[in-house]
There are 2 protein chains.
Amino acid sequence: MKLADAKQQFISSWGAFASHWGINKTMAQIHALLLISPDPLTQDDVMEELSLSRGNVNMNMRELVDWALVSRMIIPGERKEFFTAEKDIWKVATQIIKERKRRELDPMMKLLATLEAVEGDVDDKHLKQFTATVGGIKKFGAQADKMLEAMVKADEHWLLSTLLRFFK
Amino acid sequence: MKLADAKQQFISSWGAFASHWGINKTMAQIHALLLISPDPLTQDDVMEELSLSRGNVNMNMRELVDWALVSRMIIPGERKEFFTAEKDIWKVATQIIKERKRRELDPMMKLLATLEAVEGDVDDKHLKQFTATVGGIKKFGAQADKMLEAMVKADEHWLLSTLLRFFK
DNA sequence: TTTTATTTTCAATAAATTTTGAAAATAAAA
DNA sequence: TTTTATTTTCAAAATTTATTGAAAATAAAA
(Lines give C-alpha, C1' and ligand atoms only; values in the text may rest on other atoms or scores of the structure.)
Protein backbone atom coordinates (compact mmCIF):
# COMPACT_ATOMS: atom_id res chain seq x y z
CA MET A 1 0.00 0.00 0.00
CA LYS A 2 1.15 3.53 -0.83
CA LEU A 3 1.64 6.05 1.96
CA ALA A 4 -1.04 8.41 0.60
CA ASP A 5 -3.65 5.63 0.67
CA ALA A 6 -2.55 4.42 4.07
CA LYS A 7 -2.83 7.96 5.46
CA GLN A 8 -6.31 8.37 4.04
CA GLN A 9 -7.44 5.09 5.49
CA PHE A 10 -5.89 5.75 8.86
CA ILE A 11 -7.51 9.16 9.17
CA SER A 12 -10.95 8.04 8.08
CA SER A 13 -10.94 4.86 10.16
CA TRP A 14 -9.71 6.68 13.21
CA GLY A 15 -12.56 9.15 12.86
CA ALA A 16 -15.11 6.35 12.53
CA PHE A 17 -13.60 4.51 15.48
CA ALA A 18 -13.66 7.60 17.67
CA SER A 19 -17.29 8.32 16.89
CA HIS A 20 -18.18 5.09 18.72
CA TRP A 21 -16.67 6.68 21.80
CA GLY A 22 -18.61 9.90 21.92
CA ILE A 23 -15.89 11.84 20.13
CA ASN A 24 -16.59 14.12 17.20
CA LYS A 25 -15.47 12.42 13.99
CA THR A 26 -13.81 15.52 12.58
CA MET A 27 -11.93 16.23 15.78
CA ALA A 28 -10.58 12.69 15.70
CA GLN A 29 -9.58 13.02 12.05
CA ILE A 30 -7.69 16.25 12.66
CA HIS A 31 -5.99 14.58 15.59
CA ALA A 32 -5.09 11.59 13.41
CA LEU A 33 -3.65 13.88 10.75
CA LEU A 34 -1.49 15.69 13.29
CA LEU A 35 -0.38 12.39 14.82
CA ILE A 36 1.12 11.24 11.54
CA SER A 37 2.53 14.61 10.50
CA PRO A 38 6.23 14.88 11.21
CA ASP A 39 5.98 18.68 11.18
CA PRO A 40 3.52 21.11 12.73
CA LEU A 41 0.60 22.15 10.52
CA THR A 42 -1.38 25.34 10.09
CA GLN A 43 -5.16 25.52 10.04
CA ASP A 44 -4.96 26.02 6.29
CA ASP A 45 -2.95 22.82 5.93
CA VAL A 46 -5.64 20.91 7.79
CA MET A 47 -8.43 22.60 5.80
CA GLU A 48 -6.84 21.55 2.56
CA GLU A 49 -5.80 18.05 3.60
CA LEU A 50 -9.21 17.13 5.04
CA SER A 51 -11.43 19.38 2.89
CA LEU A 52 -12.99 21.15 5.84
CA SER A 53 -14.14 24.72 6.31
CA ARG A 54 -12.09 27.24 8.22
CA GLY A 55 -14.62 27.50 11.01
CA ASN A 56 -14.84 23.77 11.45
CA VAL A 57 -11.07 23.34 11.68
CA ASN A 58 -10.78 26.27 14.05
CA MET A 59 -13.41 24.96 16.46
CA ASN A 60 -12.19 21.38 16.50
CA MET A 61 -8.59 22.48 16.83
CA ARG A 62 -9.48 24.55 19.84
CA GLU A 63 -11.21 21.51 21.33
CA LEU A 64 -8.06 19.44 20.78
CA VAL A 65 -5.98 22.12 22.47
CA ASP A 66 -8.54 22.18 25.27
CA TRP A 67 -8.08 18.45 25.75
CA ALA A 68 -4.31 19.07 25.78
CA LEU A 69 -3.82 16.63 22.91
CA VAL A 70 -2.55 19.34 20.60
CA SER A 71 -0.51 22.44 21.26
CA ARG A 72 -0.12 25.73 19.47
CA MET A 73 3.36 26.53 18.23
CA ILE A 74 4.84 29.84 17.30
CA ILE A 75 7.42 29.41 14.58
CA PRO A 76 9.80 32.39 14.43
CA GLY A 77 9.43 34.30 11.20
CA GLU A 78 6.08 32.68 10.43
CA ARG A 79 2.95 34.73 10.77
CA LYS A 80 0.53 31.82 10.96
CA GLU A 81 0.02 29.67 14.01
CA PHE A 82 1.18 26.07 13.85
CA PHE A 83 -0.24 23.07 15.63
CA THR A 84 1.42 19.88 16.72
CA ALA A 85 0.11 16.76 18.46
CA GLU A 86 1.66 14.90 21.35
CA LYS A 87 3.05 11.79 19.64
CA ASP A 88 3.61 9.57 22.67
CA ILE A 89 0.50 7.37 22.62
CA TRP A 90 0.87 6.54 26.27
CA LYS A 91 0.68 10.23 27.13
CA VAL A 92 -2.23 10.71 24.75
CA ALA A 93 -4.15 7.87 26.40
CA THR A 94 -3.51 8.99 29.95
CA GLN A 95 -4.46 12.53 29.04
CA ILE A 96 -7.77 11.35 27.59
CA ILE A 97 -8.43 9.14 30.59
CA LYS A 98 -7.65 11.97 32.97
CA GLU A 99 -10.02 14.36 31.22
CA ARG A 100 -12.87 11.93 30.75
CA LYS A 101 -12.60 10.82 34.34
CA ARG A 102 -12.82 14.39 35.50
CA ARG A 103 -15.60 15.40 33.12
CA GLU A 104 -17.79 12.29 33.22
CA LEU A 105 -16.89 9.64 35.77
CA ASP A 106 -16.35 11.88 38.78
CA PRO A 107 -19.68 13.75 38.45
CA MET A 108 -21.54 10.48 37.91
CA MET A 109 -19.97 8.96 41.04
CA LYS A 110 -20.97 12.03 42.98
CA LEU A 111 -24.55 11.75 41.76
CA LEU A 112 -24.75 8.06 42.61
CA ALA A 113 -23.67 8.83 46.15
CA THR A 114 -26.58 11.23 46.60
CA LEU A 115 -29.03 8.82 44.95
CA GLU A 116 -28.02 6.02 47.30
CA ALA A 117 -29.38 8.11 50.17
CA VAL A 118 -32.94 7.86 48.86
CA GLU A 119 -35.51 7.58 51.62
CA GLY A 120 -38.54 5.32 51.90
CA ASP A 121 -39.94 2.06 53.18
CA VAL A 122 -37.02 -0.34 53.63
CA ASP A 123 -39.29 -3.27 52.81
CA ASP A 124 -40.35 -1.86 49.45
CA LYS A 125 -38.78 -4.08 46.81
CA HIS A 126 -38.56 -1.17 44.39
CA LEU A 127 -36.50 0.78 46.87
CA LYS A 128 -34.39 -2.27 47.62
CA GLN A 129 -33.60 -2.88 43.97
CA PHE A 130 -32.88 0.79 43.39
CA THR A 131 -30.34 1.07 46.19
CA ALA A 132 -28.83 -2.30 45.28
CA THR A 133 -28.35 -1.22 41.65
CA VAL A 134 -27.06 2.24 42.47
CA GLY A 135 -24.79 0.80 45.15
CA GLY A 136 -23.47 -1.83 42.76
CA ILE A 137 -22.66 0.71 40.08
CA LYS A 138 -21.02 2.96 42.64
CA LYS A 139 -18.85 0.11 43.87
CA PHE A 140 -17.86 -0.83 40.35
CA GLY A 141 -17.20 2.80 39.53
CA ALA A 142 -14.94 3.17 42.53
CA GLN A 143 -12.92 0.18 41.35
CA ALA A 144 -12.69 1.53 37.83
CA ASP A 145 -11.72 4.89 39.24
CA LYS A 146 -8.87 3.34 41.18
CA MET A 147 -7.70 1.49 38.12
CA LEU A 148 -7.74 4.62 35.97
CA GLU A 149 -5.96 6.61 38.67
CA ALA A 150 -3.28 3.94 38.75
CA MET A 151 -3.01 3.97 34.96
CA VAL A 152 -2.61 7.70 34.81
CA LYS A 153 0.09 7.62 37.45
CA ALA A 154 1.83 4.54 36.14
CA ASP A 155 4.45 4.49 33.45
CA GLU A 156 4.75 2.16 30.50
CA HIS A 157 4.70 -0.92 32.73
CA TRP A 158 1.13 -0.16 33.55
CA LEU A 159 -0.33 -3.53 32.65
CA LEU A 160 1.33 -5.27 35.57
CA SER A 161 0.75 -2.50 38.03
CA THR A 162 -2.88 -1.96 37.14
CA LEU A 163 -3.70 -5.63 37.25
CA LEU A 164 -2.11 -5.86 40.66
CA ARG A 165 -4.10 -2.96 41.96
CA PHE A 166 -7.35 -3.53 40.22
CA PHE A 167 -9.06 -5.94 42.56
CA LYS A 168 -7.79 -4.47 45.80
CA MET B 1 -35.09 12.43 48.24
CA LYS B 2 -38.16 10.41 47.27
CA LEU B 3 -37.75 7.20 45.28
CA ALA B 4 -39.75 8.52 42.32
CA ASP B 5 -37.43 11.53 41.98
CA ALA B 6 -34.33 9.44 42.46
CA LYS B 7 -35.48 7.03 39.76
CA GLN B 8 -36.12 9.86 37.35
CA GLN B 9 -32.74 11.38 37.98
CA PHE B 10 -30.93 8.08 37.72
CA ILE B 11 -32.56 7.21 34.41
CA SER B 12 -32.00 10.60 32.83
CA SER B 13 -28.42 10.96 34.08
CA TRP B 14 -27.53 7.47 33.00
CA GLY B 15 -28.80 8.26 29.52
CA ALA B 16 -26.77 11.46 29.35
CA PHE B 17 -23.70 9.69 30.67
CA ALA B 18 -24.00 6.88 28.14
CA SER B 19 -24.32 9.29 25.23
CA HIS B 20 -20.72 10.36 25.93
CA TRP B 21 -19.74 6.79 25.20
CA GLY B 22 -21.32 6.33 21.82
CA ILE B 23 -24.43 4.71 23.24
CA ASN B 24 -27.92 5.75 22.26
CA LYS B 25 -29.47 7.79 25.07
CA THR B 26 -32.82 6.02 24.92
CA MET B 27 -31.22 2.59 24.94
CA ALA B 28 -29.30 3.55 28.07
CA GLN B 29 -32.44 4.89 29.72
CA ILE B 30 -34.39 1.73 29.04
CA HIS B 31 -31.46 -0.24 30.41
CA ALA B 32 -31.39 1.96 33.50
CA LEU B 33 -35.11 1.46 34.04
CA LEU B 34 -34.76 -2.31 33.82
CA LEU B 35 -31.74 -2.26 36.13
CA ILE B 36 -33.77 -0.71 38.93
CA SER B 37 -36.96 -2.69 38.31
CA PRO B 38 -37.31 -5.60 40.71
CA ASP B 39 -39.70 -7.33 38.30
CA PRO B 40 -39.58 -7.90 34.53
CA LEU B 41 -41.33 -5.26 32.42
CA THR B 42 -43.29 -5.35 29.18
CA GLN B 43 -42.72 -3.01 26.27
CA ASP B 44 -45.89 -1.19 27.28
CA ASP B 45 -44.52 -0.65 30.77
CA VAL B 46 -41.39 0.94 29.32
CA MET B 47 -43.40 3.02 26.84
CA GLU B 48 -45.49 4.43 29.64
CA GLU B 49 -42.69 4.93 32.17
CA LEU B 50 -40.38 6.72 29.74
CA SER B 51 -42.98 8.26 27.41
CA LEU B 52 -41.58 6.63 24.30
CA SER B 53 -43.27 5.31 21.19
CA ARG B 54 -43.83 1.61 20.66
CA GLY B 55 -41.39 1.45 17.75
CA ASN B 56 -38.65 3.20 19.67
CA VAL B 57 -38.97 0.89 22.66
CA ASN B 58 -39.09 -2.16 20.43
CA MET B 59 -35.95 -1.24 18.50
CA ASN B 60 -33.89 -0.26 21.52
CA MET B 61 -35.05 -3.30 23.46
CA ARG B 62 -33.92 -5.54 20.64
CA GLU B 63 -30.54 -3.79 20.69
CA LEU B 64 -30.25 -4.43 24.42
CA VAL B 65 -31.10 -8.09 23.90
CA ASP B 66 -28.55 -8.15 21.09
CA TRP B 67 -25.91 -6.86 23.50
CA ALA B 68 -27.01 -9.57 25.93
CA LEU B 69 -27.69 -6.97 28.60
CA VAL B 70 -31.39 -7.78 28.67
CA SER B 71 -33.25 -11.02 28.15
CA ARG B 72 -36.74 -11.87 27.05
CA MET B 73 -38.83 -13.74 29.55
CA ILE B 74 -41.91 -15.82 28.98
CA ILE B 75 -44.17 -15.67 31.97
CA PRO B 76 -46.63 -18.61 32.01
CA GLY B 77 -50.19 -17.44 31.59
CA GLU B 78 -49.11 -14.02 30.30
CA ARG B 79 -49.53 -13.24 26.67
CA LYS B 80 -47.09 -10.35 26.51
CA GLU B 81 -43.34 -10.73 26.47
CA PHE B 82 -41.42 -9.56 29.52
CA PHE B 83 -37.91 -8.18 29.70
CA THR B 84 -35.40 -8.28 32.48
CA ALA B 85 -31.87 -6.90 32.80
CA GLU B 86 -28.82 -8.65 34.19
CA LYS B 87 -28.41 -6.98 37.57
CA ASP B 88 -24.85 -8.00 38.39
CA ILE B 89 -22.89 -4.90 37.37
CA TRP B 90 -19.67 -6.84 37.02
CA LYS B 91 -21.33 -9.09 34.46
CA VAL B 92 -22.85 -6.09 32.71
CA ALA B 93 -19.46 -4.42 32.45
CA THR B 94 -17.63 -7.49 31.19
CA GLN B 95 -20.36 -8.12 28.66
CA ILE B 96 -20.07 -4.58 27.33
CA ILE B 97 -16.28 -4.84 27.22
CA LYS B 98 -16.45 -8.16 25.41
CA GLU B 99 -18.83 -6.82 22.77
CA ARG B 100 -17.08 -3.52 22.20
CA LYS B 101 -13.74 -5.25 21.98
CA ARG B 102 -15.10 -7.60 19.35
CA ARG B 103 -16.95 -4.93 17.40
CA GLU B 104 -14.50 -2.04 17.57
CA LEU B 105 -11.09 -2.80 19.03
CA ASP B 106 -10.36 -6.03 17.19
CA PRO B 107 -11.14 -4.65 13.71
CA MET B 108 -9.12 -1.52 14.42
CA MET B 109 -6.13 -3.60 15.53
CA LYS B 110 -6.40 -5.65 12.38
CA LEU B 111 -6.46 -2.51 10.24
CA LEU B 112 -3.44 -1.03 12.01
CA ALA B 113 -1.48 -4.21 11.28
CA THR B 114 -2.11 -3.81 7.56
CA LEU B 115 -1.33 -0.08 7.65
CA GLU B 116 2.00 -0.71 9.33
CA ALA B 117 3.08 -2.60 6.21
CA VAL B 118 2.95 0.57 4.09
CA GLU B 119 5.70 0.69 1.47
CA GLY B 120 7.93 3.58 0.42
CA ASP B 121 11.24 5.35 0.91
CA VAL B 122 12.53 4.45 4.38
CA ASP B 123 14.21 7.85 4.64
CA ASP B 124 10.98 9.78 4.07
CA LYS B 125 10.12 11.45 7.35
CA HIS B 126 6.41 11.29 6.55
CA LEU B 127 6.66 7.54 6.20
CA LYS B 128 8.74 7.29 9.35
CA GLN B 129 6.24 9.24 11.42
CA PHE B 130 3.33 7.29 9.97
CA THR B 131 4.75 3.89 10.86
CA ALA B 132 5.92 5.15 14.25
CA THR B 133 2.43 6.45 15.09
CA VAL B 134 0.60 3.41 13.77
CA GLY B 135 3.07 1.11 15.49
CA GLY B 136 2.70 2.99 18.76
CA ILE B 137 -1.08 2.78 18.69
CA LYS B 138 -0.91 -0.90 17.80
CA LYS B 139 1.39 -1.59 20.74
CA PHE B 140 -0.83 0.33 23.11
CA GLY B 141 -3.89 -1.41 21.73
CA ALA B 142 -2.32 -4.81 22.26
CA GLN B 143 -1.65 -3.96 25.90
CA ALA B 144 -5.17 -2.68 26.43
CA ASP B 145 -6.47 -5.78 24.73
CA LYS B 146 -4.57 -8.01 27.13
CA MET B 147 -5.91 -6.11 30.10
CA LEU B 148 -9.49 -6.31 28.89
CA GLU B 149 -9.12 -10.02 28.16
CA ALA B 150 -7.93 -10.52 31.71
CA MET B 151 -10.84 -8.51 33.06
CA VAL B 152 -13.40 -10.44 31.08
CA LYS B 153 -11.98 -13.78 32.12
CA ALA B 154 -11.69 -12.88 35.76
CA ASP B 155 -14.77 -12.92 37.88
CA GLU B 156 -15.80 -10.93 40.84
CA HIS B 157 -14.23 -13.37 43.23
CA TRP B 158 -10.86 -13.24 41.52
CA LEU B 159 -9.13 -11.78 44.52
CA LEU B 160 -10.87 -14.11 46.93
CA SER B 161 -10.08 -17.22 44.92
CA THR B 162 -6.39 -16.36 44.59
CA LEU B 163 -6.20 -15.61 48.29
CA LEU B 164 -7.87 -18.90 49.11
CA ARG B 165 -5.28 -20.76 47.10
CA PHE B 166 -2.64 -19.42 49.44
CA PHE B 167 -4.23 -21.04 52.43
CA LYS B 168 -4.97 -24.43 50.96
C1' DT C 1 -1.07 55.34 12.13
C1' DT C 2 -3.15 52.30 8.08
C1' DT C 3 -2.98 48.14 5.67
C1' DT C 4 -2.85 43.31 5.40
C1' DA C 5 -2.88 38.65 7.24
C1' DT C 6 -4.88 35.58 10.29
C1' DT C 7 -8.05 33.88 13.71
C1' DT C 8 -12.48 33.62 15.82
C1' DT C 9 -17.36 33.78 16.10
C1' DC C 10 -21.92 32.41 15.17
C1' DA C 11 -26.38 32.50 12.53
C1' DA C 12 -27.81 29.87 8.82
C1' DT C 13 -27.64 25.51 6.53
C1' DA C 14 -26.75 20.78 5.96
C1' DA C 15 -26.24 16.25 7.54
C1' DA C 16 -26.86 12.64 10.63
C1' DT C 17 -29.43 10.52 14.03
C1' DT C 18 -33.44 9.50 16.58
C1' DT C 19 -38.29 8.99 17.09
C1' DT C 20 -42.81 8.32 15.66
C1' DG C 21 -46.89 5.81 14.42
C1' DA C 22 -49.52 3.29 11.43
C1' DA C 23 -49.44 -0.80 8.61
C1' DA C 24 -47.77 -5.46 8.14
C1' DA C 25 -46.43 -9.56 10.26
C1' DT C 26 -46.66 -12.82 13.78
C1' DA C 27 -48.52 -15.48 17.41
C1' DA C 28 -52.00 -16.84 20.61
C1' DA C 29 -56.92 -17.57 21.72
C1' DA C 30 -61.53 -18.56 20.45
C1' DT D 1 -60.68 -21.84 10.83
C1' DT D 2 -61.36 -16.58 12.34
C1' DT D 3 -60.60 -13.19 15.71
C1' DT D 4 -57.81 -10.72 18.82
C1' DA D 5 -53.48 -9.44 20.99
C1' DT D 6 -48.88 -8.39 20.43
C1' DT D 7 -44.62 -7.51 18.05
C1' DT D 8 -42.02 -5.80 14.26
C1' DT D 9 -40.93 -2.92 10.47
C1' DC D 10 -39.76 1.20 8.18
C1' DA D 11 -40.85 5.63 5.59
C1' DA D 12 -41.67 10.08 7.15
C1' DA D 13 -41.09 13.63 10.61
C1' DA D 14 -38.72 15.61 14.34
C1' DT D 15 -34.72 16.50 16.65
C1' DT D 16 -30.00 16.90 17.44
C1' DT D 17 -25.47 17.61 15.97
C1' DA D 18 -22.04 19.13 12.70
C1' DT D 19 -20.53 22.28 9.14
C1' DT D 20 -20.25 26.25 6.48
C1' DG D 21 -18.78 30.79 5.27
C1' DA D 22 -18.85 35.50 5.69
C1' DA D 23 -18.40 39.19 9.02
C1' DA D 24 -16.09 40.74 13.15
C1' DA D 25 -12.16 40.68 15.92
C1' DT D 26 -7.41 40.35 16.55
C1' DA D 27 -2.66 40.70 15.61
C1' DA D 28 1.29 41.62 12.83
C1' DA D 29 3.55 44.42 9.19
C1' DA D 30 4.21 48.56 6.70
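A note on names: the letters A, B, ... follow the listed sequences, proteins ahead of strands, and every chain is numbered from 1. Reckoned from all heavy atoms, side chains included, excluding hydrogens, waters and symmetry mates.
- Along DNA chain D, the nucleotide nearest to A:G77 and the one nearest to B:Q43 differ in position, and the one closer to the 5' end is contacted by B:Q43.
- B:T42 comes within 4.0 angstrom of no nucleic acid atom, judged by non-hydrogen atoms across all strands.
- Ring geometry for B:W21 against B:F17 counts as tilted: the plane angle lies between 30° and 60°, on a 0 to 90° scale.
- Counting to the nearest Å, the P atom of D:dA11 and the CE atom of B:M59 are 11 Å from each other.
- Within the structure, salt bridge (charged side-chain N to carboxylate O under 4.0 Å, His left out) pairs that include any residue of residues 114-123 of chain B comprise B:E116-B:K138 (at least two apart or interchain).
- Here the P atom of nucleotide D:dC10 and the CG atom of B:N56 are 16 Å apart, to the nearest Å.
- For the pair B:R62 CZ and D:dC10 C1', the interatomic distance rounds to 12 Å; values are reported in whole Å.
- Taking the charged nitrogens against the carboxylate oxygens, B:K98 and B:D145 have no contact shorter than 4.0 Å, which rules out a salt bridge.
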- [ ] Take B:I23 and B:R100 through the side chain to side chain contact (heavy atoms under 4.5 Å, CB included) test and state the conclusion after the steps.
- [x] CA-CA 11 Å; B:I23 290 147; B:R100 298 198 71 164; 4.0 Å; yes
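- Both B:E78 and A:F83 sit near DNA chain C, but only A:F83 has its closest nucleotide nearer the 5' end.
- B:R79 contributes no side-chain N or O that forms a donor-acceptor pair with the base of D:dT7 under 3.5 Å.
- A salt bridge links A:D66 with A:R103; the closest basic N to acidic carboxylate O contact falls under 4.0 Å.
- At whole-Å resolution of the value, CE in A:M27 and C1' in D:dT17 are 15 Å apart.
- Here the side chain of A:N58 is nearest to one of C:dT6, C:dT9, D:dT9, namely C:dT9.
- Pair assignment for D:dT17 gives C:dA14, based on Watson-Crick or G-U wobble hydrogen-bonding distances that are each under 3.5 Å.
- When both pairing distances are held under 3.5 Å, D:dT26 makes a Watson-Crick or G-U pair with C:dA5.
- The residue among A:K25 and A:R54 whose nearest nucleotide of DNA chain C is located toward the 5' end is A:R54.
- Searching all strands for a Watson-Crick or G-U wobble partner of C:dT19 with both distances below 3.5 Å returns D:dA12.
- Comparing B:R72 and A:T26 by the nucleotide of DNA chain D whose heavy atom lies nearest to each, the residue mapping closer to the 5' end is B:R72.
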